[in-house]
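Structure first, then comments.
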Amino acid sequence: MSFRKPNVLPGFGLTFGFTIFFLSAIVLLPLAALVLAAASMHWSEFVAMVSSPRALGSYRLSFGASALAASINAVFGFVIAWTLVRYEFPGRRLIDALIDMPFALPTAVSGIALTTVFAQHGWIGRYLEPLGIKVAYTWLGVTLALTLISMPFAVRAMQPALLEVQHDLEEAAETLGAGRFYAFRRIILPTVLPALLTGFTLAFARAVGEYGSVIFIAGNLPMKTEITPLLIVIHLEQFDYRGAAALGVVMLLMSFVVLLAINLLQAWNRRRHARAAH
Amino acid sequence: MAGRLPVAAALAVLQGDAATRPGQNTWLSALVRWLFIATSLAFLAALLIAPLVTVFAMALERGFEAYLVSFADPDTQAAIRLTLITAAVVVPINIVFGLAAAWAIAKFEFRGKSMLITLIDLPLAVSPVISGMVFVLLFGLHGWFGVWLQRHDISVIFALPGIMLATMFVTFPYVARELIPLMQQLGNDEEEAAITLGAGGWMTFFKVTLPKIRWGLLYGVILSNARAMGEFGAVSVVSGHIRGLTTTMPLQIEILYNEYNFVGAFAVASLLTLLAVVTLEVKTLVERTGYRGR
């Protein structure tokens, strides 16, 4: 019946009211304006805008490169998380702290730095060039930038799960004659799987919307190396607010789907742990 | 194994001796261990460490003098000033909001609470370009309030207010999401005792709650400050890139880089990189105090 449980502490009205007011003013109303702007368009106009060849090309790159980056991070994130949790080696603490660097580093900085490293004459690019691998100004560069900025999400999602893998269970399995790979597949992987999927999804979510680091390393050619957020910016620069809003709504819907997936995965993770604790 | 002959022990290791020493000292686990560490380090070196070193290498390419001279550029100075002003306005607002939201959510039970937490986290899930665009749709020339604003000679988009709004949108969740789990974990007992003994609400907050959460608050503040100073996408959309007027440090990096002024671009980038290093340093220190984030 009552909206909140009684409590002797003061300040609920003030803090709750302020939170709702501020949340609405800064986040919810502006987002509602975006949805309304798209909703005021005619349906056929909306469909034409979000399914133009240029838009479809940008989705292919944005979603494809993000999925690829998230997969790379699922694999290497697992390896890194495993290394940090299981092994002791000089510099481990420093590496552990460095994992968060892409969180803290402004995207424009990672963009120009990564482009410089992987450009034709860059530190790494010059060794890839003779092999016929072009990174800067191709979809490969886009994937690389997205991998960098979404890496911490994958590693940080898997670390706690790996800490909880029960060593004794693993050792028991090996003592009983289970092969190393069998123990990995039957004991470690099932424990880590929800965290691995969560890490993948979080990395994907972060990568899909990324703008700053990508525009420097992508060639930004329509249909080829143009990500969806860039296409939105191009529409805005031409004062085509409707086209921008239509694409914005597509991206917003994508974010909601991913957000829902993350919540479901985390619920699954919690249930699993609750069962394990029994 | 003290009783064993060294040769027998070596043989056992070579044969994998899994039955007596599961998984610990065999050559296979040494190999796996080496492979894991080498793969991790190679991946991080190429993707993370090389770009970080590049920032400073490029900034100092023409020597320390040229590095310092690049900060004499009035547009660069204006960009640094604008970034500092924006952070100085946005971060305190985030602190007030974060404290209010954490107090309401952590101290009370009410319906729709998890929904509210999800909504607070929403800006993290939204593309930075969208975070900027929503304000263009509202206040831009062809936006909802565009005509009204123009008639009253108020500029929001391509001006300071737009930059602040976009930055606020992007940095909105950081303080709150650091404080909410922390305050939930700490519980209400001490505050309830203080109130029951006759302390006022504000006094309870300042004398009881604030000292307990100060490290978490510091971490939230430093994170939201790093995001405020480094935001590119959202600010880029609302700024209009007017040199010396509406370019923040990340936008100035873009302008200089596109003009092939690499020393200048990386000099500004080096400041933001140092800020990121300080941010991570504070994070490490805060975690060492025993407070665990997230």
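Quick note: numbers below take in every heavy atom, side chains included, and nothing from hydrogens, waters or symmetry partners. Sequence lines set the chain letters: A, B, ... in the order given, protein chains first and strands last, and positions in each chain run from 1. What you see is a predicted model, and the numbers here were worked out from it, not measured in a lab.
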### Task
Just say parallel, tilted or perpendicular for the rings of A:Phe216 and B:Phe232, cut-offs at 30° and 60°.
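Tilted.
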Go through the atoms of [X] and report whether side chain, backbone, both or neither lie under 4.5 Å from a heavy atom of chain A.
X	result
B:Val237	side chain
B:Ile37	both
B:Thr204	neither
B:Leu119	both
B:Leu124	neither
B:Met229	neither
B:Phe36	both

Kindly compute the distance separating [atom1] ([X]) from [atom2] ([Y]), expressed to the nearest 0.5 Å.
X	Y	atom1	atom2	value
B:Ile49	A:Leu94	CD1	CG	7.5 Å
A:Thr116	B:Tyr257	OG1	OH	4.5 Å
B:His142	A:Asp240	NE2	CG	10.0 Å
A:Thr19	B:Phe97	OG1	CZ	5.0 Å
B:Asp121	A:Leu259	CG	CG	8.0 Å
A:Leu34	B:Phe135	CG	CZ	11.5 Å

Below 4.5 Å, heavy atoms only, C-beta onward: do [X] and [Y] meet side chain to side chain?
X	Y	result
A:Asn7	B:Glu109	no
B:Val96	A:Phe18	yes
B:Phe172	A:Phe22	yes
B:Phe266	A:Val109	no
A:Met151	B:Phe43	yes
A:Ile80	B:Thr39	no
A:Pro10	B:Ile195	yes
A:Tyr87	B:Val32	yes

### Task
Answer with yes or no after comparing the ring centroid distance for B:Phe108 and A:Phe16 against a 6.0 Å cut-off, counting only values under it.
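Judged by ring-centre distance (under 6.0 Å), B:Phe108 and A:Phe16 do not meet the cut-off.
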Under 4.5 Å from any heavy atom of chain B - which part of [X]:
X	answer
A:Phe76	side chain
A:Leu144	both
A:Leu105	both

#### Entry: Pair B:Leu44-A:Ile99, side chain to side chain contact (heavy atoms under 4.5 Å, CB included): steps then yes or no
CA-CA 8 Å; B:Leu44 292 173; A:Ile99 297 294; 4.0 Å; yes
### Query
Above 12 or not: heavy atoms from other molecules or residues under 6.0 Å from CZ of A:Phe89?
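Yes, enclosed.
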### Task
Mind listing the closest non-hydrogen atom pair of B:Met133 and A:Ala245 along with its distance?
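Residues B:Met133 and A:Ala245, closest heavy atoms: SD-N, 4.2 Å.
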### Task
State, to 0.1 Å, how close A:Ala33 and B:Leu137 come at their nearest heavy-atom pair, and which atoms those are.
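The pair with the smallest heavy-atom distance is O-CD1, 4.5 Å.
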Which one, [options], leads in non-hydrogen pairs under 4.5 Å with chain A?
options	value
B:Lys107, B:Arg33, B:Glu192, B:Lys113	B:Arg33
B:Ser127, B:Ala265, B:Ala100	B:Ala100
B:Ile120, B:Leu48, B:Asn258, B:Thr279	B:Leu48

### Task
Test A:Leu31 against B:Ile130 for side chain to side chain contact (heavy atoms under 4.5 Å, CB included), laying out the working first.
CA-CA 9 Å; A:Leu31 281 176; B:Ile130 293 182; 4.3 Å; yes
### Message
With chain B as the partner, which of A:Trp82, A:Phe256, A:Phe12 has the greatest number of non-hydrogen pairs under 4.5 Å?
### Response
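Ranked by contacts with chain B, first place is A:Phe12.
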